[in-house]
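Notes for the one structure printed next.
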Amino acid sequence: MSHRAFCGLSAQHLGELIAELAPRWDARCESGRQQRRNGARRRKAGAGPKYELVFTDRVLVTLVHLRTGLTREALGVIYEVGSSTIGRAIGEIRPLLAARGFAVPDRPGIRLRTLDDVFAYATAENITLRIDGTETQVRRPKAHSPGRRAFVSGKRKQNTIKTTTISDHQGRTLWSGAVRPGRMHDQTAVRTEGIAERFRMHPTVKAEVDDGYRGLANEFPDQVSAPPKEAEGHRQRAPYSTVRMVRVATPAIFSSDLCRARQRRTPPVAPTAAVHRTPRDLRRDPPGHRRPGLRPGRSARHPAQAEHRT
């Protein structure tokens, strides 16, 4: 799993990442133990049950899962552990990776962890930001749980969560966050996260958005640019060469052979006689009479019914 094809990192970069996260991992584990026992250590260091996955394997499992999307069951088979162990390891390592922030292109050693860092970097480097939201499908919440409908996306008609992503002019991610339920509008998610206030605090920052943030572009016309609004009833069409469809009559292939095949085609098999179906004239009893067998005296008046009964 340490191969670059799986984790996406070189051996040197992977070693540096593990060396950077190891102290934070140890501090977090010790803090959890301190909180559980409500006091100082009672046994020697190293006592108690051991982890099924060491810290290096936990980092590799998380990187492979995030990069390739390999399921927890498959990773459990590879490492010979349960899927719950894999899920617990991923849940513990992902916060450590997220706390590292986003690397700045062409600026080694600088990382963007908050929105203030992103806007300060855009101001210093005079970079045009690109803001957009992505939706990820999630499991449907439990029945009768509060806020269950908030996750139903009106666009995708599925239960989703919406994440706001900020990138530079080359599409390289600088920040990702503002996770909101899928029913919330893109512009509402931006305002609740405080991105609109950052534009007011940094008047020189420029950004490009799509139609979902048109209200933000109207509020900051000198900073945020959105695509022009199409006139009602005059929607732009694609170039004529891309939408034109030409109907060409397909020539018959081996027309003479097809004709002979139609002539030699055997007639369809006659449908089996529906002996179990009741004739139309016997589906209902004549008016004023009962069905045969109820009164033997009246059954003789209707020979057709007697024949049907026989």
### Task
Measure from the side-chain N and O atoms of T68 to the backbone N and O of V64, and report whether any donor-acceptor pair falls under 3.5 Å.
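Yes.
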
#### Entry: Polar side-chain atom of R130 near backbone of H169 as donor-acceptor pair, under 3.5 Å
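Yes; at least one donor-acceptor contact below 3.5 Å.
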
### Task
List the steps, then state whether salt bridge (Lys or Arg N to Asp or Glu O under 4.0 Å) holds for R191 with E219.
CA-CA 12 Å; R191 294 185 181 278; E219 185 177 356; 2.7 Å; yes

### Message
Looking at every heavy atom in both L60 and S2, which two are closest together, and how far apart are they?
### Response
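In terms of heavy atoms, the two residues are closest at CD2-CA, 3.9 Å.
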
### Task
Kindly give the heavy-atom pair with the smallest separation between R172 and D168, and that separation in Å.
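Looking at all heavy atoms of both residues, the shortest contact is N-OD1, 2.7 Å.
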
For atom [atom1] of [X], is the number of surrounding heavy atoms from other residues, nucleotides or ligands below 6.0 Å larger than 12?
| X | atom1 | value |
| --- | --- | --- |
| R200 | CZ | yes |
| R94 | CZ | no |
| Q170 | CD | yes |
| N218 | CG | yes |
| R111 | CZ | yes |
| H3 | NE2 | no |

### Query
Please walk me through it: do D117 and R113 pass salt bridge (Lys or Arg N to Asp or Glu O under 4.0 Å)?
CA-CA 6 Å; D117 297 342; R113 295 178 174 85; 5.8 Å; no

### Query
Would you say the side chains of S153 and E135 form a donor-acceptor pair under 3.5 Å?
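There is such a pair (donor and acceptor under 3.5 Å, judged by atom type) between the side chains of S153 and E135.
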
#### Entry: Test salt bridge (Lys or Arg N to Asp or Glu O under 4.0 Å) applied to E20 and R100, step by step
CA-CA 10 Å; E20 179 184 351; R100 299 178 69 244; 3.1 Å; yes

### Query
In Å, rounded to the nearest 0.5 Å, how long is the span from OG of S83 to CD of E73?
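Rounded to the nearest 0.5 Å, the OG-CD separation comes out at 5.0 Å.
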
### Query
Applying the salt bridge (charged side-chain N to carboxylate O under 4.0 Å, His left out) test to E193, which of R180, R198, K162 qualifies?
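Exactly one pass, corresponding to R180.
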
### Query
Which of parallel (below 30°), tilted (30 to 60°) and perpendicular (above 60°) describes F119 and H202?
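Ring orientation of F119 relative to H202: tilted.
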
### Query
Among V81, T62, D57, which one satisfies side chain to side chain contact (heavy atoms under 4.5 Å, CB included) with I86?
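Exactly one candidate clears the test, V81.
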
### Query
With I166, which of T173, I131, D132 fulfils side chain to side chain contact (heavy atoms under 4.5 Å, CB included)?
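When T173, I131, D132 are each tested with I166, the side chain to side chain contact (heavy atoms under 4.5 Å, CB included) holds only for I131.
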
